[in-house]
Amino acid sequence: MAIKNAIVPVAGLGTRLLPATKSQPKEMLPVGKKPVVQYVVEELENCGIERILFVTGRNKTSIENHFDVDHELMRLLRETGREELIDELKYEQMAVHFLYTRQRRPRGLGDAILYGESFAGREPFVVALGDSILGLHAQSHVVRGMGEVYEQRRAVCVIAVEEVPVDMVSAYGVVKPQSGDDVFVVEDLIEKPSPAEAPSRLAIAARYVFSPRIFEALRETPPDRRGEVQLTDAIRRLIRQGEQVIGVRLRAAESRYDIGSFESYFNAFMEFALTDPEHGAKLRQRLERWLHETH
Ligand code: UTP
């Protein structure tokens, strides 16, 4: 893929996951064996991304620590003959180059993206939300495909979308598609609509490709009632200016695991743990026994 840069915003407060997120980032919560943000980074690397800018905030230093090479720990594992655990830290050797900047106050996702303007320069870039995994064990290549669509369609923005049940639309940004195709022109989009207002059931699914034109649109976008600059409002502005915004449907195998609420976090954890190659089978047996005994 020609696009080499990605911005991963991780500066949100994660209030829906309190008290778990009181002093640790939600992006560092484990789903199975790994923290959420590690899956995001591995997915991006698999899609050809070479540089990642994390937009962080207060209480987020554990993310930086997680991606640092920990020589002392490595030496200790080697000296104590636990070589097999060194494999678990292989991700530290990833070829991706990490950069960090801090959003001074959590003023919304749109504001967080603005912190990446000089990082992106004149090149198109990916935005991947740090609290969402795509595909079981992050086996999604949709970002690579979105990069190709961006080039072929001469779009300013490509958005991954996923069909959600109608009672879930109010949790997401929702798009109005021009057609029923898997790759389609987005005519409009609306942030957290009521089911009655929603133009479809296609929810924005945590991955975007942008032209640097988005920065201008973000600067022109006023904050909403809660003082947050919404990324969807800026994309809507681009559509109104006649720019091409394209939606790409996620395939079934790439479904989104959003860990922003306890319900979705528990679901993600359970599915990843039950499919863990080492522990999944036993866990499933125990769960079946427990369900049998309690009903
Ligand atoms: P959310 O919309 O889930 O918001 O963020 P939040 O603040 O993290 O969580 P709640 O609503 O208080 O529970 C989606 C992504 O955007 C980032 C978050 O870190 C998350 O990865 N984000 C959000 C920022 O980087 N800055 C912000 O000001 C808001």
Side-chain angles (χ1 to χ4, degrees), residues 6-31 35-41 43-44 52-64 66-67 98-117 119-120 125-134 138 143 159-162 164 168-174 189-193 203-208 210 214-215 218-219 221-235 256-268:
I7 299 176
V8 178
V10 290
L13 295 178
T15 50
R16 286 170 294 157
L17 292 176
L18 281 168
T21 49
K22 167 77 180 12
S23 61
Q24 67 170 335
K26 69 171 163 181
E27 296 82 4
M28 282 299 289
L29 291 177
V31 173
V36 178
V37 70
Q38 186 179 333
Y39 291 104
V40 176
V41 167
E43 174 204 324
L44 293 175
I52 293 179
L53 175 73
F54 285 105
V55 182
T56 74
R58 292 189 64 217
N59 288 336
K60 303 281 180 171
T61 41
S62 59
I63 297 176
E64 295 178 45
H66 188 72
F67 290 104
F98 297 109
L99 295 100
Y100 299 88
T101 189
R102 271 172 85 130
Q103 188 183 18
R104 297 181 69 193
R105 251 178 284 146
R107 290 188 59 235
L109 177 58
D111 179 69
I113 306 300
L114 263 177
Y115 280 75
E117 188 166 9
F119 165 78
F125 61 97
V126 168
V127 168
L129 302 195
D131 67 351
S132 293
I133 304 168
L134 290 198
V143 164
I159 310 174
V161 298
E162 180 179 48
V164 297
M168 293 291 293
V169 286
S170 54
Y172 298 109
V174 175
L189 64 176
I190 166 163
E191 186 62 26
K192 301 189 173 65
I204 299 177
R207 301 292 182 269
Y208 311 78
F210 286 113
I214 190 67
F215 295 115
L218 282 167
R219 268 196 303 276
T221 302
D224 65 8
R225 306 182 254 113
R226 294 170 54 200
E228 296 191 348
V229 178
Q230 296 295 345
L231 184 57
T232 35
D233 290 344
I235 301 172
R256 170 201 198 172
Y257 297 88
D258 160 14
I259 58 109
S261 70
F262 278 116
E263 187 185 350
S264 56
Y265 175 53
F266 290 166
N267 278 337

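Just follow the structure's listing: the first ligand is 1, and inside any ligand the first atom is 1.
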Element-labelled atoms of ligand 1 that are located less than 4.0 Å from some non-hydrogen atom of A112: 24 (C), 25 (O), 26 (N)
For atom 14 (C) of ligand 1, the protein heavy atom that lies nearest, with its residue and separation: D131 OD2, 3.8 Å
Can you find an N/O atom of V55 closer than 3.5 Å to an N/O atom of ligand 1? no
Hits for side chain to side chain donor-acceptor pair (under 3.5 Å) against T232, two or more places apart or cross-chain, chain-then-number order -> E191
Expected output: side-chain Y265 to main-chain K26 donor-acceptor under 3.5 Å: no
Minimum heavy-atom distance V164-V169, with the two atoms named: CG2-CG1, 4.1 Å
Tell me which protein heavy atom sits closest to atom 12 (O) of ligand 1, plus the residue, atom name and distance to 0.1 Å. T15 OG1, 2.5 Å
Any nitrogen or oxygen of R105 lying under 3.5 Å from a nitrogen or oxygen in ligand 1? Just yes or no. no
At the 4.0 Å heavy-atom cut-off, does K26 count as touching ligand 1? yes
Residue A11 vicinity, atoms of ligand 1 by number, heavy atom under 4.0 Å: 19 (O), 24 (C), 25 (O), 26 (N)
Around atom 11 (O) of ligand 1, find the nearest protein heavy atom and jot down its residue, atom name and distance. R16 NE, 3.1 Å
Shortest non-hydrogen pair, L18 vs T21, comes out as N-OG1, 3.5 Å
Relative to the heavy atoms of G130, which atoms of ligand 1 are at a distance of less than 4.0 Å? 21 (O)
With E228 via side-chain contact (heavy atoms from CB on, under 4.5 Å) - residues at least two apart: D224, R226, Q230
Quick check: does P9 get an N/O under 3.5 Å from an N/O on ligand 1? yes
Out of curiosity, L99 CG to E64 CD, how far, rounded to the nearest 0.5 Å? 10.5 Å
What are the atoms of ligand 1, with element, lying closer than 4.0 Å to any heavy atom of P106? 28 (O)
So if I count the atoms of ligand 1 from 1 in the order they appear, which ones are less than 4.0 Å from some heavy atom of G108? 26 (N), 27 (C), 28 (O), 29 (C)
Are the side chains of K60 and R102 in touch, meaning some heavy atoms are under 4.5 Å apart? no
Heavy-atom gap E27 to ligand 1 smaller than 4.0 Å: yes
For a 4.5 angstrom cut-off between non-hydrogen side-chain atoms, does V8 reach L44? yes
Heteroatom proximity flag, Q103 to ligand 1, N/O under 3.5 Å: yes
Per-atom contacts, ligand 1 versus R107 - under 4.0 Å to a heavy atom: 28 (O)
Kindly say whether the aromatic ring centers of F67 and F54 come within a distance under 6.0 Å. yes
Counting both backbone and side chain atoms, is some N or O of G12 under 3.5 Å from an N or O of ligand 1? yes
Would you mind finding which of L129, T56, V127, L18 brings a heavy atom closest to atom 15 (C) of ligand 1? L129
Using a plain distance cutoff, I'd like to know if L13 has any nitrogen or oxygen under 3.5 Å from a nitrogen or oxygen of ligand 1. yes
Between F266 and F262, how do the two ring planes meet: parallel, tilted or perpendicular, split at 30° and 60°? tilted
Of all the non-hydrogen atoms in the protein, which one sits nearest to atom 16 (O) of ligand 1, and at what distance? L109 CD1, 3.6 Å
Within the structure provided, determine whether M28 and I63 are in side-chain contact (heavy-atom separation under 4.5 Å). yes
Report yes or no: does R58 contribute a side-chain atom to a donor-acceptor pair with the main-chain N or O of L13 at less than 3.5 Å? no
